Amino acid sequence: MKYSILFLGRKSCIYTSKLERYLKNFSHKLISIKSKKIGEKINPKRIKKNNFDYVICFRSFFLLKNKLLNKTKIASINFHPGPPNYRGIGCINFALFNGEKKFGTTAHLIDDKIDHGSILDIRYFKFNKSDNLKKCLEKTHKNMFLQTKKVLNYLFKNAKNLKKLANKNKDKKWSKKLYKKKDLDNLYKTKKRMNRKQLERLKRATIYKNFKPNILQYKNRIN
């Protein structure tokens with residue numbers, strides 16, 4: 001069966017490109033829009049007068065409005081780069097800072113709140129002690145890609161399978177805690193004293209490419 005699909009991904013993401021090619025096999029109409037920064041909005045001309053069977057979000061920065069969600073015929077689904085106990089932004093950063101050994105990705109229905117809709121699937125995997133932030137991001141995105149294909153393969157076989165997934169995971173709940181951009185900014189800007197273990201966790205959770213915590217600029221920050 002072929003569907004009308006709106007796919008929202010991310011620019012310069014190899015898995016977004018792979019999913020775009022994959023979705024062409026299941027769509028009679030596919031509109032693909034890629035975002036590149038927080039706060040970016042969808043050009044309404046791209047989706048005007050369209051009623052989609054599915055809206056699929058993968059690493060997308062777009063926040064969807066109820067008007068679009070209400071027009072979706074079957075489901076609007078987001079693939080979140082974190083388990084249900086890590087909602088919002090910077091999930092991997094906070095998981096590493098908190099010393100988590102296990103992480104995950106979550107497929108869920110989209111509602112009018114962030115990382116809040118009914119959970120359809122959770123995929124767990126381990127972080128090794130030697131994994132830095134770059135490695136953890138790569139591992140998370142790969143697992144989320146595999147989860148996306150698995151879930152969509154199941155749903156595309158029969159739209160009724162959506163209800164089966166939701167019922168199977170009805171006991172799975174999101175955390176009340178929602179990490180926001182200001183929380184991530186504060187993690188990078190922290191100046192508080194830390195012991196050596198805390199400092200190493202902070203460095204592991206924040207150092208990536210040109211990003212690093214401000215605390216490294218200050219002396220005598222170790223207790």
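Worth saying up front: this structure is predicted, and the values here are computed from it rather than measured.
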task = Inspect the surroundings of CD1 in I114 and state if more than 12 heavy atoms from other residues, nucleotides or ligands are less than 6.0 Å away.
result = no
ask   = Do the numbers put K36 on top of the ring of F61, so that NZ or CZ is under 6.0 Å from the six-membered ring centre and no more than 45° off the axis?
value = no
note = Heavy-atom nearest pair, D115 first then G88, reads OD2-N, 2.6 Å
remark   = Between F79 and V151 the two heavy atoms that sit nearest each other are CE2-CB, 4.1 Å
remark   = CZ of F97 to CG of L184, rounded to nearest 0.5 Å, is 12.0 Å
message = More than 12 heavy atoms of other residues, nucleotides or ligands under 6.0 Å from NZ of K177: yes or no?
response = yes
ask   = Is the F156-Y54 ring centre distance short of 6.0 angstrom?
value = yes
query = Should the pair K197-E200 be classified as a salt bridge under the 4.0 Å nitrogen-to-oxygen rule?
reply = no
query = Roughly how far, to the nearest 0.5 Å, is the CG atom of N153 from the CG atom of N25?
reply = 10.0 Å
key: Geometric class of the F26/Y22 ring pair [parallel <30°, tilted 30-60°, perpendicular >60°]   = tilted
request  = Supply the atom-to-atom distance S76 OG to I56 CD1, rounded to the nearest 0.5 angstrom.
outcome  = 8.0 Å
ask   = How about K71: does its NZ atom have over 12 heavy atoms from other parts shown lying under 6.0 Å from it?
value = yes
task = Check L162 against A75 and note the closest heavy-atom contact, atom names and distance.
result = CD2-CB, 3.7 Å
task = Please tell me if the side chains of N50 and K29 come closer than 4.5 Å, counting only heavy atoms from C-beta onward.
result = yes
message = Within this structure, what is the CD1-NE2 distance for the pair I122 and H80, rounded to the nearest 0.5 Å?
response = 10.5 Å
query = Would D53 and I5 satisfy side-chain contact (heavy atoms from CB on, under 4.5 Å), going step by step from the backbone distance to the final call?
reply = CA-CA 6 Å; D53 295 313; I5 300 173; 5.8 Å; no
key: Closest non-hydrogen atom pair between D111 and H116, with its separation   = OD2-ND1, 2.6 Å
task = Determine the minimum heavy-atom distance between K34 and T16, stating which atoms define it.
result = CE-CG2, 3.9 Å
inquiry  = Less than 6.0 angstrom from the centroid, inside 45 degrees of the normal: does K134 satisfy that with respect to the ring of Y208?
reply    = no
key: Same apolar cluster: I74 and V55, side chain cutoff 4.5 Å   = no
ask   = Parallel, tilted or perpendicular for W174 and H108, by the 30°/60° rule?
value = perpendicular
inquiry  = Restricting to non-hydrogen atoms, name the atom on G82 and the atom on T106 that form the minimum distance, rounded to 0.1 Å.
reply    = O-OG1, 2.7 Å
inquiry  = Within this structure, what is the CE-NZ distance for the pair M144 and K139, rounded to the nearest 0.5 Å?
reply    = 15.5 Å
message = For S35 and E40, which I'm curious about, is there any donor-acceptor pair between the side chains at under 3.5 Å?
response = no
message = Around atom NZ of K2, are there more than 12 heavy atoms from other residues, nucleotides or ligands closer than 6.0 Å?
response = yes
message = Ignoring hydrogens and geometry beyond distance, is a side-chain donor-acceptor pair present between Y86 and N93 at under 3.5 Å?
response = no
task = Consider only side-chain heavy atoms of I, L, V, M, F, W and Y, link residues closer than 4.5 Å, and tell whether F211 and L199 are in one cluster.
result = yes
key: OG on S118 to CD1 on I77, rounded to 0.5 Å   = 11.0 Å
